[in-house]
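In what follows, a single structure is set out as structure tokens and then discussed.
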Amino acid sequence: MEETVVKARIVDRMSLLESHVSGRVAHSLNDVTSALEVLYREVLNLTHGWDLASANFPDRNFPAIDLHDVGRRLAVQVTVTCDTDKIVETQDTFQRHKLDARYDQLIFVGIKSVKKSSKLAPWAELFTQSKLLNLENLDLAQLWALDDRLAKSIPWHQFTEQSDRHCFDVVLGVLDRDAIRHMTHVEGDFDDMIDALRQVKQIINQGQVRGTRIQAKPISLYDTPYVQILEDIDTHVGRMASIIKRNLQPCNFLPHPAADEVDRERRQLVDEVNDFCAAHGHNRRLHTWGG
């Protein structure tokens, strides 16, 4: 189930990115094309295990191609619009500069790309989105790495509410749960608690909760006051998880004084968050419950 969710989100994110680039280029706003080349290089290296690098370094204005893997003799042309004219022009330039002596394969990667072309040379290939992402051949860890990379490339502030206030409210929603509210003597399952604390750290540091559609922004994108409280939350949550992992006994038993240490961190966290919310006009408050 988790794998299916991640795959779907990867496709959604890649489609959003490609639509964003296409729209800007259509209005002659070409500032995103160089970033697209970097993104495709990293995606292809991750999804196919290649070692692509920019063909324009150290050689500037390298003809016909943008990326290459010298060891595998691969060349890649990154373009927004890959039509037959572009294919013919690139292949002619490729051969005119005798690049076929250096590379065995030329790959075209384009957002607006033809599905096939009678002009495509036997040593050239068109990569569609599915071939680019190669999802069926990636394990779960690779899928998460790809999902994280695409998330970092999306200008979220242009599509969704990304103010500090809104995103901190999302964090509060993840934080306001039994793992924080329940004192240790009424905690149901400490493994579940550890998982919940891990999700709190994810929403703070990565701006999302893995396996869900809960989305905010990473801590690095907040202004200073929010960074400080988020760092405090992250510290308290990390300490709680560490104490539990070090001291948890069989049969879901957390002995004293470890339980007291966890509750001390819990109370400090709740007090600091509530003080911050009061000072910055957030209506939500956290409460602890001891049965």
Side-chain angles (χ1 to χ4, degrees), residues 1-2 5-6 140 144 148 151 160-291:
M1 181 63 181
E2 181 181 1
V5 171
V6 181
L140 187 57
W144 272 118
D148 288 343
T160 60
E161 173 62 67
Q162 288 284 290
S163 68
D164 286 356
R165 174 173 295 277
H166 169 80
C167 290
F168 187 70
D169 282 337
V170 175
V171 173
L172 288 175
V174 177
L175 191 61
D176 192 6
R177 60 200 307 167
D178 290 350
I180 301 300
R181 291 191 298 255
H182 286 182
M183 306 301 283
T184 52
H185 68 277
V186 293
E187 179 60 40
D189 188 297
F190 284 105
D191 288 334
D192 289 345
M193 182 178 176
I194 290 291
D195 186 58
L197 296 176
R198 185 182 301 114
Q199 290 186 3
V200 173
K201 293 181 74 69
Q202 286 175 358
I203 194 66
I204 290 173
N205 295 291
Q206 301 168 24
Q208 64 179 13
V209 176
R210 288 187 170 188
T212 76
R213 294 192 176 274
I214 301 174
Q215 186 85 41
K217 63 182 177 183
I219 188 173
S220 59
L221 299 181
Y222 288 83
D223 288 335
T224 301
Y226 284 92
V227 170
Q228 291 174 346
I229 186 62
L230 289 169
E231 287 178 345
D232 290 343
I233 296 170
D234 189 56
T235 298
H236 288 304
V237 166
R239 287 173 180 167
M240 291 169 67
S242 178
I243 294 167
I244 294 169
K245 289 177 182 178
R246 291 197 314 267
N247 295 279
L248 188 62
Q249 301 296 309
C251 300
N252 197 48
F253 174 65
L254 188 67
H256 295 285
D260 294 334
E261 293 175 14
V262 171
D263 285 340
R264 184 161 49 251
E265 293 291 340
R266 185 195 319 275
R267 291 190 186 96
Q268 290 177 1
L269 185 158
V270 168
D271 288 345
E272 290 173 15
V273 168
N274 287 343
D275 287 346
F276 180 88
C277 289
H280 292 80
H282 291 273
N283 294 325
R284 196 163 195 159
R285 299 292 185 272
L286 304 181
H287 302 279
T288 59
W289 181 74

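- The side-chain heavy atoms of Val5 and Glu2, taken from C-beta on, include no pair separated by under 4.5 Å.
- Residues Asn252 and Gly188 come closest through the heavy atom pair ND2-O, 2.8 Å.
- Separating the OG1 atom in Thr224 from the CD1 atom in Ile229 is a distance of 13.5 Å, to the nearest 0.5 Å.
- At least one side-chain heavy atom of Lys217 sits less than 4.5 Å from a side-chain heavy atom of Cys167.
- Leu286 and Val270 get closest at one heavy-atom pair: O-CG1, 3.6 Å.
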Can you list the steps and then say if Met240 with Arg266 is a side-chain contact (heavy atoms from CB on, under 4.5 Å)?
CA-CA 8 Å; Met240 291 169 67; Arg266 185 195 319 275; 3.9 Å; yes
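- Atom CG of Asp260 sits about 7.0 Å away from atom OG1 of Thr184, to the nearest 0.5 Å.
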Take His256 and Glu261, measure what side chain to side chain donor-acceptor pair (under 3.5 Å) needs, and give me the verdict at the end.
CA-CA 8 Å; His256 295 285; Glu261 293 175 14; over 6 Å; no
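- A salt bridge between Arg285 and Asp176 is absent, with no side-chain N of the basic residue lying under 4.0 Å from a carboxylate O of the acidic one.
- Checking Arg239 against Thr235 by side-chain atom types alone, no donor-acceptor pair falls below 3.5 Å.
- Under the 4.5 Å side-chain criterion, counting only non-hydrogen atoms from C-beta, Lys245 is in contact with Ile194.
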Checking Gln249 against Leu254 for the side-chain contact (heavy atoms from CB on, under 4.5 Å) test, could you report, in this order, the C-alpha distance in whole Å, the side-chain angles of both residues, the deciding distance, and whether it holds?
CA-CA 6 Å; Gln249 301 296 309; Leu254 188 67; over 6 Å; no
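- Between His282 and Asn274, the closest side-chain pair of non-hydrogen atoms is not below 4.5 Å.
- Proximity of Glu231 to Ile219: side-chain heavy atoms (C-beta onward) are separated by under 4.5 Å at one or more points.
- Among the candidates Val262, Leu248, Asp178, the single residue satisfying the side chain to side chain contact (heavy atoms under 4.5 Å, CB included) test with Met193 is Val262.
- Contact of the Asn247 side chain with the Phe253 side chain is not registered, since no non-hydrogen atoms from C-beta on lie closer than 4.5 Å.
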Before you tell me yes or no, could you show the steps for Val237 and Ile204 under side-chain contact (heavy atoms from CB on, under 4.5 Å), namely the whole-Å CA-CA distance, both residues' side-chain angles and the distance that decides it to 0.1 Å?
CA-CA 11 Å; Val237 166; Ile204 290 173; 5.9 Å; no
From CA spacing to verdict: side-chain contact (heavy atoms from CB on, under 4.5 Å), Leu172, Cys277
CA-CA 10 Å; Leu172 288 175; Cys277 289; 3.8 Å; yes
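- A distance of 5.5 Å separates CD1 in Ile180 from CG in Leu197, rounded to the nearest 0.5 Å.
- Note on ring orientation: taking the six-membered ring where Trp is involved, the planes of Phe276 and Tyr226 are perpendicular (angle over 60°, cut-offs 30° and 60°).
- When all heavy atoms of Arg177 and Ala196 are compared, the pair lying nearest together is NE-CB, 3.6 Å.
- Between Asp232 and Leu269, the closest side-chain pair of non-hydrogen atoms is not below 4.5 Å.
- Atom CG of Leu175 is separated from atom CG of Leu230 by 10.0 Å, given to the nearest 0.5 angstrom.
- The shortest heavy-atom contact between Asp192 and Asp189 is N-OD1, 3.1 Å.
- No side-chain donor-acceptor contact under 3.5 Å links His182 and Glu187.
- With sequence neighbours left out, the ring-ring contact (aromatic ring centres under 6.0 Å, His included) criterion links Tyr222 to no other residue.
- A distance of 8.0 Å separates CG in Asp271 from CD in Gln268, rounded to the nearest 0.5 Å.
- Taking CD of Gln228 as the reference point, atom CD1 of Ile233 lies at 12.0 Å (rounded to 0.5 Å).
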Give the intermediate values and the outcome of salt bridge (Lys or Arg N to Asp or Glu O under 4.0 Å) for residues Arg210 and Asp148.
CA-CA 10 Å; Arg210 288 187 170 188; Asp148 288 343; 2.9 Å; yes
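- Residues Gln202 and Gln208 have side chains not in contact (no heavy-atom distance under 4.5 Å, counting atoms from C-beta outward).
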